[in-house]
Number of protein chains: 2
Amino acid sequence: MTIKLYCFGESGNAYKAALALQLSGLDWEAVKVDFFGGETRTPEFRASINEMGEAPVLVDGDIKLTQSGVIQDYVSEKSGKFGGADASERREVMRWVLWDNHKLSSGAGMTRFLMNFLPEDKRPAEVIAFHQGRLKAAYTVLNDHLEGRDWIVGGGITNADLSCCGYLYYPEPFGFDRAEWPHIDAWLTRLSQVPGWKAPYDLMPGSPADRT
Amino acid sequence: MTIKLYCFGESGNAYKAALALQLSGLDWEAVKVDFFGGETRTPEFRASINEMGEAPVLVDGDIKLTQSGVIQDYVSEKSGKFGGADASERREVMRWVLWDNHKLSSGAGMTRFLMNFLPEDKRPAEVIAFHQGRLKAAYTVLNDHLEGRDWIVGGGITNADLSCCGYLYYPEPFGFDRAEWPHIDAWLTRLSQVPGWKAPYDLMPGSPADRT
């Protein structure tokens, strides 16, 4: 049975799940969720799909999962890939996925949204500047960690990589400039050269171009 | 061997780990980290304890773990408690822990810090108001979920509870008023009645009172 991923192109959190599915070799298809039309926040979506009012959502037969980190964990269980080579690596993967949720993707996703998907006169300048400052600290942690490493954990791609990259390939500006972070830049290039890799708007349905 | 948890009273993220240890029955002790003196952000701390520059850090013999969610997972592995009863519950626990990291504790911890631990003339009003608005959406999700439930996942305490409660017992104001969220309020009371439970400043060393 084909796994369905409810997602939309603009979501870096959905991209984390889609990229894990894509590179795992599992049979999957993307189903577009109309986030910008408000679909994830309707009572119907909350009641039947996800009470958290968020995408992505994975449906595999009777199994329905939300939160990109949970979906990635499921993909690892099912494919045997990206979960880390042993208990120690597994914990290290979880550590970086949690850190990404707490410090990197959460701030990057929000800042990108505020800077690009709100009307110009509604963009809160102080909030944007504040989070750009916090994000610099997160980029520094990741960039320093990647010095001398090909991948975040161990000798190959794991969910740590597929989580932390979530917002970093998007073209919209949010204060992240790859050229300023050489080890992050090299790692993003390395990951993008893996067979099957696609950029967010090529991997998932929906993009800002649809709304212009 | 006694497990050591590097922590400080003001940190709700440290509290999540400390409370899991406390209620697990494992042998542990708290070691104070001088966060407000800058200890977690020194090059020495980053090099030898945690490159992410954060507490809590758990040390158990040769094992050193950071990120509260990873520490909770380790406590579950070692004690057999709080991890969920089966694979489906285990995923549901992970889902709420990730959601908490992304939407609840991250915002609550930051807003509480900005409102209480910065000098009054350095508190960014727009940032605080913005995050209080986002947090209301998170409280709503949790409060609705807890209607008719004793615990967040399944029939007993799990790491989902021990994660989401992280900042909600603190006395400092950050815009969360238990009285406004009856199901969260009842759940916090229920959890606080579990034998061994302690409030953050009673469970971990260090409190704002030390600095006045």
Side-chain angles (χ1 to χ4, degrees), chain A residues 13 16 41 43 46-47 50-54 57-58 62-74 77 87-88 90-107 109-110 114 124-131 133-134 137-138 140-142 144-147 163, chain B residues 13 16 41 43 46-47 50-54 57-58 62-74 77 87-88 90-107 109-110 114 124-131 133-134 137-138 140-142 144-147 163:
Chain A
N13 289 314
K16 298 175 196 176
R41 296 176 301 287
R46 287 194 194 264
N50 182 6
E51 67 193 314
M52 293 171 181
E54 298 171 335
V57 178
L58 175 144
D62 291 340
I63 291 180
K64 190 182 72 182
L65 301 174
T66 74
Q67 288 288 328
S68 61
V70 174
I71 295 173
Q72 289 183 336
D73 189 65
Y74 181 75
E77 203 181 299
S88 165
R90 190 186 63 79
R91 280 190 205 112
E92 190 69 2
V93 169
M94 193 190 302
R95 176 182 178 231
W96 283 97
V97 170
L98 285 161
W99 176 83
D100 171 60
N101 268 261
H102 192 167
K103 292 287 175 79
L104 180 56
S105 284
S106 47
M110 188 171 63
L114 298 175
E126 188 184 295
V127 176
I128 289 167
F130 177 81
H131 282 284
R134 282 173 62 94
T140 301
V141 166
L142 183 60
D144 288 353
H145 179 75
L146 284 166
E147 184 173 1
S163 189
Chain B
N13 289 314
K16 298 175 197 176
R41 297 174 302 286
R46 286 192 194 266
N50 182 6
E51 68 193 312
M52 292 171 182
E54 298 171 336
V57 179
L58 176 145
D62 291 339
I63 292 181
K64 190 182 73 183
L65 302 174
T66 75
Q67 287 288 327
S68 60
V70 175
I71 295 173
Q72 290 184 335
D73 189 64
Y74 181 75
E77 203 181 299
S88 165
R90 190 185 64 79
R91 281 190 204 111
E92 189 69 3
V93 168
M94 193 191 301
R95 175 182 179 232
W96 283 97
V97 170
L98 286 161
W99 176 82
D100 172 60
N101 267 262
H102 192 165
K103 292 286 175 80
L104 179 57
S105 285
S106 48
M110 187 173 63
L114 298 176
E126 188 184 297
V127 176
I128 289 168
F130 177 82
H131 283 284
R134 282 173 61 95
T140 303
V141 166
L142 183 58
D144 288 354
H145 179 75
L146 283 167
E147 183 174 2
S163 189

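Below, read A as the first sequence line, B as the second, and so on, with proteins coming before strands; counting in each chain starts at 1. All values below come from the heavy atoms of this structure, side chains included, with hydrogens, waters and symmetry mates left out.
Neither the backbone nor the side chain of B/Leu142 has a heavy atom closer than 4.5 Å to any heavy atom of chain A. At a 4.5 Å heavy-atom cutoff, the contact between A/Ala125 and chain B is made by backbone atoms alone. Looking at B/Asp100, there are no atoms closer than 4.5 Å to chain A (heavy atoms on both sides), in backbone or side chain. Only the side chain of A/Leu114 comes within less than 4.5 Å of a heavy atom in chain B; its backbone stays farther off. Neither the backbone nor the side chain of A/Asp144 has a heavy atom closer than 4.5 Å to any heavy atom of chain B. In this structure, chain B has a heavy atom under 4.5 Å from the side chain of A/Leu65, while its backbone stays farther away.
In this structure, CG in B/Asn50 is found 11.0 Å from CH2 in A/Trp99, a value given to the nearest 0.5 Å. Note that the CG atom of B/Leu98 and the OG atom of A/Ser68 stand 7.0 Å from one another [nearest 0.5 Å].
Between B/His102 and A/Ser106, the shortest heavy-atom distance links the atoms CD2-CB, 3.5 Å. Considering all non-hydrogen atoms of both residues, A/Val70 and B/Arg91 come closest at CG2-O, 3.8 Å.
Using a 4.5 Å heavy-atom cutoff, the side chains of A/Glu126 and B/Phe130 are not in contact. The shortest side-chain heavy-atom distance between A/Glu92 and B/Gln67 does not fall under the 4.5 Å cut-off. Side-chain contact between B/Met52 and A/Lys103: absent, with no pair of heavy atoms (C-beta onward) separated by less than 4.5 Å.
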B/Arg134 and A/Met110: CA distance, side-chain angles, deciding distance, side chain to side chain contact (heavy atoms under 4.5 Å, CB included) verdict: CA-CA 11 Å; B/Arg134 282 173 61 95; A/Met110 188 171 63; 3.3 Å; yes
Test side chain to side chain contact (heavy atoms under 4.5 Å, CB included) applied to B/Arg95 and A/Ile71, step by step: CA-CA 9 Å; B/Arg95 175 182 179 232; A/Ile71 295 173; over 6 Å; no
A/His145 and B/Glu51: side chain to side chain contact (heavy atoms under 4.5 Å, CB included), yes or no, with the steps? CA-CA 8 Å; A/His145 179 75; B/Glu51 68 193 312; 2.8 Å; yes
Which is it for A/Arg90 and B/Asp73 under the salt bridge (charged side-chain N to carboxylate O under 4.0 Å, His left out) test, yes or no, and what are the steps along the way? CA-CA 11 Å; A/Arg90 190 186 63 79; B/Asp73 189 64; 3.3 Å; yes
